[in-house]
Amino acid sequence: MKYWLMKSEPDVFSIDTLKTKKISGWDGVRNYQARNYMRDDMNIGDLILFYHSSCEVPGVAGLARVRKTSHPDPSQFDAKSEYFDPKATQQTPRWFMVEVEFVEKFDHVITLATIKNEKVLANMPLVQKGSRLSINPVTEKEYKTIIALKG
DNA sequence: GCCAACGTTGGC
DNA sequence: GCCAACGTTGGC
C-alpha cells in the first residue's frame with residue numbers, strides 16, 4: 001500500500017464535497033506527471049492526504065482512499081467541460097483518473113506552515129520551492145508524521 | 001530540437 | 001494582486 005498527497009482547490013472540490021459525495025472521480029488533472037502517478041502507480045486501498053490549495057489556510061484537510069484504479073477521465077471528451085481536450089479520443093484517451101472515497105475530515109487543517117516546521121517533512125515535494133505538482137507520493141514516515149499532527 | 005512566448009500553479 | 005517557478009505550445 002502506498003501513500004499520496006493530492007491537491008484540490010476547496011472552492012472547486014473540498015474534503016467536505018467528498019464527504020458529501022462519499023465517492024468521486026479525481027477528474028481534471030491535466031499534467032502528465034500527475035496523470036502518470038494515477039495511471040501507473042496508484043492502487044486500490046492507497047491512502048491519500050487531501051490537501052487544500054490556493055485558499056486562506058492551505059494544508060491537509062483530511063483523508064481519502066483509492067477506490068478504483070485509473071480509467072479515462074470522461075471530462076476530456078466533454079466539449080462543454082473546462083477540462084475538454086480536443087486531442088483526446090475514446091480510442092486514444094489522453095487523461096486518466098482514479099476514483100477515491102472519503103475516509104476522514106480532520107478536526108483542524110494541518111497547515112502548510114505546520115508542515116514546514118517539521119524537519120521530518122522537509123523532503124516532501126510540497127515544501128520544495130517551485131514544486132507545484134498536484135499529486136505526489138508520500139513516504140510512510142511522512143504520512144505517519146502528518147497523521148500524528150492531527151492531534 | 002531549440003527556445004521564446006504564453007499559461008498555470010499556488011503561496012504570500 | 002503579485003510573482004517565481006514550471007509546463008506547454010508552436011514557429012522555425
Side-chain angles (χ1 to χ4, degrees), chain A residues 2-21 24-42 46-66 70-100 102-139 141-151:
Chain A
K2 294 198 275 292
Y3 303 94
W4 305 91
L5 180 142
M6 297 175 84
K7 299 177 187 174
S8 182
E9 297 183 20
D11 290 348
V12 179
F13 188 87
S14 72
I15 190 73
D16 290 311
T17 317
L18 183 60
K19 186 176 184 178
T20 301
K21 288 184 68 177
S24 178
W26 201 274
D27 65 352
V29 171
R30 294 294 179 268
N31 169 281
Y32 289 105
Q33 199 176 340
R35 177 204 69 181
N36 293 348
Y37 280 139
M38 286 199 285
R39 190 189 59 187
D40 306 332
D41 299 324
M42 293 180 71
D46 286 1
L47 286 166
I48 299 159
L49 299 169
F50 195 121
Y51 182 87
H52 284 175
S53 66
S54 291
C55 57
E56 200 171 337
V57 185
V60 178
L63 293 177
R65 186 188 292 117
V66 177
S70 88
H71 47 289
D73 176 345
S75 67
Q76 70 193 303
F77 308 123
D78 179 1
K80 285 175 296 212
S81 168
E82 62 174 311
Y83 302 126
F84 177 63
D85 184 344
K87 292 180 179 168
T89 66
Q90 297 278 354
Q91 286 70 34
T92 53
R94 179 181 291 201
W95 304 110
F96 293 80
M97 66 177 194
V98 295
E99 190 173 274
V100 305
F102 175 80
V103 174
E104 177 183 353
K105 178 188 177 180
F106 296 160
D107 291 337
H108 306 286
V109 171
I110 299 164
T111 68
L112 178 61
T114 300
I115 291 169
K116 283 180 171 173
N117 278 332
E118 287 292 324
K119 273 211 176 100
V120 181
L121 303 177
N123 290 325
M124 293 185 76
L126 185 70
V127 299
Q128 307 305 314
K129 187 178 181 184
S131 167
R132 20 169 246 191
L133 202 57
S134 66
I135 301 177
N136 283 295
V138 174
T139 69
K141 188 174 185 182
E142 289 163 349
Y143 176 83
K144 287 181 173 170
T145 302
I146 287 177
I147 292 300
L149 289 169
K150 80 188 174 80

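Lettering of chains follows the sequences in order, A, B, ..., and the numbering in each one begins at 1.
- Under the 3.5 Å distance criterion, with hydrogens and angles disregarded, a donor-acceptor pair is assigned to the side chains of A:Thr92 and A:Thr89.
- B:dG7 atom C1' lies 15 Å from atom CD of A:Glu82, rounded to whole Å.
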Determine, step by step, whether A:Tyr51 and A:Trp4 satisfy the side chain to side chain contact (heavy atoms under 4.5 Å, CB included) criterion, reporting the C-alpha distance in whole Å, the side-chain angles of both residues, the deciding distance to 0.1 Å, and the verdict. CA-CA 10 Å; A:Tyr51 182 87; A:Trp4 305 91; over 6 Å; no
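- To the nearest angstrom, C1' of C:dT9 lies 11 Å from OH of A:Tyr32.
- Pairs passing the side chain to side chain donor-acceptor pair (under 3.5 Å) check and including a residue from residues 109-122 of chain A, sequence neighbours excluded, read A:Thr111-A:Thr114.
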Please write out the pairs of protein N or O atoms and N or O atoms of nucleotides 2-5 of chain B separated by less than 3.5 Å, giving the distance to one decimal.
none

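- A salt bridge does not link A:Lys150 to A:Asp107: none of the charged side-chain nitrogens sits closer than 4.0 Å to a carboxylate oxygen.
- Side-chain N/O atoms of A:Tyr32 and A:Arg94 include a donor and acceptor closer than 3.5 Å.
- Taking atom CZ of A:Arg30 as the reference point, atom P of B:dT8 lies 13 Å away to the nearest angstrom.
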Evaluate side chain to side chain contact (heavy atoms under 4.5 Å, CB included) for A:Arg35 paired with A:Asp73, printing each intermediate quantity in order. CA-CA 10 Å; A:Arg35 177 204 69 181; A:Asp73 176 345; over 6 Å; no
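- DNA chain B lies under 4.0 Å from at least one heavy atom of each of the following residues of residues 49-59 of chain A: A:Tyr51, A:Ser53, A:Ser54, A:Pro58.
- Put simply, the side chain of A:Arg65 never gets that close to the backbone of A:Val103: no donor and acceptor are under 3.5 Å apart.
- Residues of residues 119-136 of chain A having a heavy atom closer than 4.0 Å to DNA chain C, listed by number: A:Lys129, A:Gly130, A:Arg132.
- Between the side chain of A:Gln76 and the backbone N or O of A:Trp95 there is at least one donor-acceptor pair closer than 3.5 Å.
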Tabulate below the donor-acceptor pairs under 3.5 Å that side-chain atoms of residues 127-136 of chain A make, not counting sequence neighbours, or state none.
unit_1, atom_1, unit_2, atom_2, d
A:Gln128, NE2, A:Ala122, O, 2.6
A:Gln128, NE2, A:Met124, O, 3.1
A:Ser131, OG, A:Pro125, O, 2.9
A:Asn136, ND2, A:Leu133, O, 3.1

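- Aromatic ring orientation, A:Phe50 versus A:Phe13: parallel (interplanar angle below 30°, classes split at 30° and 60°).
- With sequence neighbours excluded, no residue forms a ring-ring contact (aromatic ring centres under 6.0 Å, His included) with A:Phe102.
- Following rounding to the nearest Å, A:Asn31 (CG) and B:dT9 (C1') show an atom-to-atom distance of 10 Å.
- Note on A:Lys87: every side-chain N or O is 4.0 Å or more away from OP1 and OP2 of C:dT8.
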